[in-house]
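Here you go, one structure.
Just so we're on the same page: letters track the sequence lines, and every chain starts at 1.
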2 protein chains.
Amino acid sequence: MDIRVATDDDWPAIFPFFAQIVQERRTYAFPAGLTEQSATGWWMEEPPGQTVVAVDGDTILGSAKMGPNRPGPGAHVATASFMVDPAYQGRGVGRALGEYVVGWARSQGYHAMQFNAVVETNTAAVSLWKNLGFEVLTTIPEAFEHADHGYVGLHVMYQRL
Amino acid sequence: MDIRVATDDDWPAIFPFFAQIVQERRTYAFPAGLTEQSATGWWMEEPPGQTVVAVDGDTILGSAKMGPNRPGPGAHVATASFMVDPAYQGRGVGRALGEYVVGWARSQGYHAMQFNAVVETNTAAVSLWKNLGFEVLTTIPEAFEHADHGYVGLHVMYQRL
């Protein structure tokens, strides 16, 4: 598995699993009904951020986007989002992307990294982020309407870099 | 003082104090150097959100924007932002806008309201939000580079509606 910066040419291969994951309503508070065109801005980051893909040869296994969590006076704290193609779960793609992103943020001089909305029932992700050094600062109660579990909390997770 | 929905015609009167407040780097993590045109999307909300102005006759004293904090599965939690023209501070404009916004969110059926980034040294705002029923869920450490105080925390504030 390699991780490389995504180009616009990668988007048609990212969008199908992006759309599947959003539609499942288990992990992302993104709008319903995004098209390949309208979803681009929700995933493909512009500098100073970037979007990467985890690939096995020509196959995209997952993707991550990263950049400043806020502009201006908040731009020294990074954030990131991750999506692994459900067809390629269980291969360590999320961990590889997570390690890459934390290393990227550190190398870019960010002081910390913050995840704003980690669905509390997404225990695989929560465990992985804890394993990579993040802690839960708070949980916004019932802030995510989960397809299976109804209203569940959203963790704010944080790591000083 | 009246509070009414803002129109595009109000923006030229909002932008000067918006720009002043952003440039002061004491309360908002917005980008530096926004122009009247490029700043529009940072303040003038589209439905289901809205932007309002507090007015005294033809004079705009302050403004607030409000809407869903997140799209899709997060759209039942509202958020809002407030700016009072520094020339009209101390007249209760912030309180009037805050009361309006909480009432609006309740009437729209939102379950809760969340502020994502209240600068901890903005004690007037923090006290006002507490007085209106908000609590601090957590403080992101050193997440805001303040013009006077260096790195200070950002409160996540929350109120069930």
**Report entry** A:Tyr158, part contacting chain B, at a heavy-atom distance under 4.5 Å
**Finding:**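 Contact with chain B involves the side chain of A:Tyr158 alone.
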
Report task. Could you look at B:Tyr28 and say if it's the side chain, the backbone, both or neither that has a heavy atom under 4.5 Å from chain A? Result ->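 Contact with chain A: backbone only.
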
Query - Heavy-atom pair count under 4.5 Å with chain B, highest-scoring of A:Val119, A:Val77, A:Ile140 - result: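 The option with the most such pairs is A:Ile140.
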
Requested in this report: Answer with yes or no whether the hydrophobic clustering places B:Phe115 together with B:Leu161; edges join I, L, V, M, F, W, Y residues whose side-chain heavy atoms lie under 4.5 Å apart.
Outcome: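 Hydrophobic grouping puts B:Phe115 with B:Leu161.
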
Report task. Identify the two heavy atoms, one from A:Ala29 and one from B:Gly74, that lie closest to each other, and give their separation to 0.1 Å. Result ->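 Minimum heavy-atom separation between A:Ala29 and B:Gly74: CB-N, 3.9 Å.
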
Requested in this report: Step through the shown structure and confirm whether more than 12 heavy atoms of other residues, nucleotides or ligands are within 6.0 Å of CG on A:Asp8.
Outcome: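 It does not: A:Asp8 CG has 12 such atoms or fewer within range.
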
Query raised in the report: Who wins among A:Ala75, A:Ala147, A:Ala117 for the most heavy-atom pairs under 4.5 Å with chain B?
Result: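 Heavy-atom pairs under 4.5 Å are most numerous for A:Ala117.
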
Query - Partner of B:Pro73 under side-chain contact (heavy atoms from CB on, under 4.5 Å), chosen from A:Glu24, A:Arg25, A:Arg26 - result: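 So the option named by the test is A:Arg25.
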
Query raised in the report: Same hydrophobic cluster for B:Trp104 and B:Met157, using side-chain heavy-atom links shorter than 4.5 Å among ILVMFWY?
Result: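 Yes; tracing contacts between hydrophobic side chains, which count when under 4.5 Å, links both residues.
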
Query - B:Asn116 side chain reached by A:Asn116 side chain, heavy atoms, under 4.5 Å - result: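 No; the side chains remain at least 4.5 Å from each other.
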
Query raised in the report: Which atom names give the shortest non-hydrogen contact between B:Leu137 and A:Thr139, and what distance separates them?
Result: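 Nearest pair, atom of B:Leu137 first, then A:Thr139: CD1-O, 4.4 Å.
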
Query - Atom CG of A:Asp148: over 12 foreign heavy atoms under 6.0 Å - result: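 Count over threshold, so yes.
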
Query raised in the report: Should A:Phe17 and A:Val22 be counted in the same cluster of Ile, Leu, Val, Met, Phe, Trp and Tyr side chains packed under 4.5 Å apart?
Result: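 Yes; A:Val22 is reachable from A:Phe17 via cluster members.
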
Query raised in the report: With a cut-off of 6.0 Å (strictly less than), are more than 12 heavy atoms of other residues, nucleotides or ligands near CD of A:Gln23?
Result: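 No.
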
Query raised in the report: If you group Ile, Leu, Val, Met, Phe, Trp and Tyr by side-chain heavy-atom gaps below 4.5 Å, do A:Phe30 and A:Trp11 land in one group?
Result: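 Same cluster: A:Phe30 reaches A:Trp11 through Ile, Leu, Val, Met, Phe, Trp or Tyr contacts under 4.5 Å.
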
Query raised in the report: Is the shortest heavy-atom distance from the side chain of B:His111 to the side chain of A:Glu142 under 4.5 Å?
Result: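 A side-chain contact under 4.5 Å is absent here.
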
Query raised in the report: With a 4.5 angstrom heavy-atom cut-off, which part of B:Ala143 approaches chain A: side chain, backbone, both or neither?
Result: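 Both backbone and side chain.
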
Query - B:Pro141 portion near chain A, given a 4.5 angstrom heavy-atom threshold - result: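 For B:Pro141, the contact with chain A is made by backbone and side chain together.
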
Query raised in the report: For the hydrophobic clusters of this structure (ILVMFWY residues joined by side-chain heavy atoms under 4.5 Å, transitively), does one cluster hold both A:Val152 and A:Val118?
Result: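 Different clusters: A:Val152 never reaches A:Val118 through Ile, Leu, Val, Met, Phe, Trp or Tyr contacts under 4.5 Å.
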
